[in-house]
Amino acid sequence: MYRILHKEALSEVTKLMVIAAPEVARKARPGQFVIVRIDERGERIPLTIADYDREAGTVTIIFQEVGKTTMHLGTLEPGDELATFTGPLGHPTEIENYGTVVCVGGGTSIAIIFPIARALKEAGNRVISIIGARNKDLLFWEDRMRAVSDELIVCTDDGSYGRKALVTEPLRELLEQRDGEIARVWAIGPAIMMKFCALTTKPFGVKTIVSLNTIMIDGTGMCGGCRVQLTDGAKFVCVDGPEFDAHQVDWDLLLARQRFYLEEEKLAVERWRHQCQLEAQLTAAGA
Ligand code: FES
């Protein structure tokens, strides 16, 4: 069993948890993920490792409460335990000294870009980071990102904090103003954001890496739900990724595939909410 040591609300729908998992913490590297199961009969959910502390033997995960299992996970408290916490899985980020790099993180994925930006900085890169969210309330870890970046640009879609812009705007400006200086871009966030980051960098010929962890379903290599079409063939995100060359991804197909299970997820959330209401009523009735 894996004990929850700390829980924090980063926004209305985003939670952070620190889990006691020494074996995972010992081997974890930026870009990798874990598979979590709340109980023995629970759904397996892949979550990217947001941070790890090898000495303390802890791993930090961040998740958005968007589906049945993540909503259930969000109700757990420090002291509760998870049945399984398997990892680290997936290929780690290729960290080298590339020169000047740009790290773009959108929404919850700020948590995913953070350990990558930190590792790139530690490897001697000049790190320019861009973080963005729909509004101020959904932004988090500005301080952490600033600490590992030589420059940090903060954007919100509605202008409630930082610059009123989509992350692609400062990304395009950087590429235009520092022609030839930027060696590589990492862009991690919602699929639509990654698609437009890829379209922004492509004309400049700057290699761009995206993490497609959000399209994984069970993370086992068996369900086929994470199949992604690249220019050199089909790959599985959980086996071959989660990071890929953004300029090779068939984004329109990926966005269409993301809509496949929306109806099933909606039904699962409704069933879970109904079950919670029943349990609350039984508790109130003293049953
Ligand atoms: S998530 Fe099921 S095969 Fe990759």
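Just follow the structure's listing: the first ligand is 1, and inside any ligand the first atom is 1. Predicted, not measured: the structure shown is a model, and the values here were computed from it.
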**OP:** With sequence neighbours excluded, give me every ring pair (Phe, Tyr, Trp, His ring centres under 6.0 Å) pair touching residues 89-108.
**Re:** Tyr98-Trp186

Original post:
Within a radius of less than 6.0 Å around CD of Glu81, do more than 12 heavy atoms belonging to other residues, nucleotides or ligands occur?
Top reply: yes

Original post:
Regarding Ser211 and Glu243, is there a side-chain donor-to-acceptor distance under 3.5 Å anywhere?
Top reply: no

Original post:
If we ignore angles and hydrogens, is there a donor and acceptor under 3.5 Å between the side chains of Asn135 and Ser160?
Top reply: no

Original post:
Taking the six-membered ring of Phe114, is NZ or CZ of Arg144 closer than 6.0 Å to its centre and within 45° of its axis?
Top reply: yes

Original post:
Near atom 2 (Fe) of ligand 1, which protein N/O/S atoms fall under 2.8 Å?
Top reply: Asp218 OD1, Cys223 SG

Subject >> Glu173/Arg163 salt bridge by N-O under 4.0 Å criterion >> reply: yes

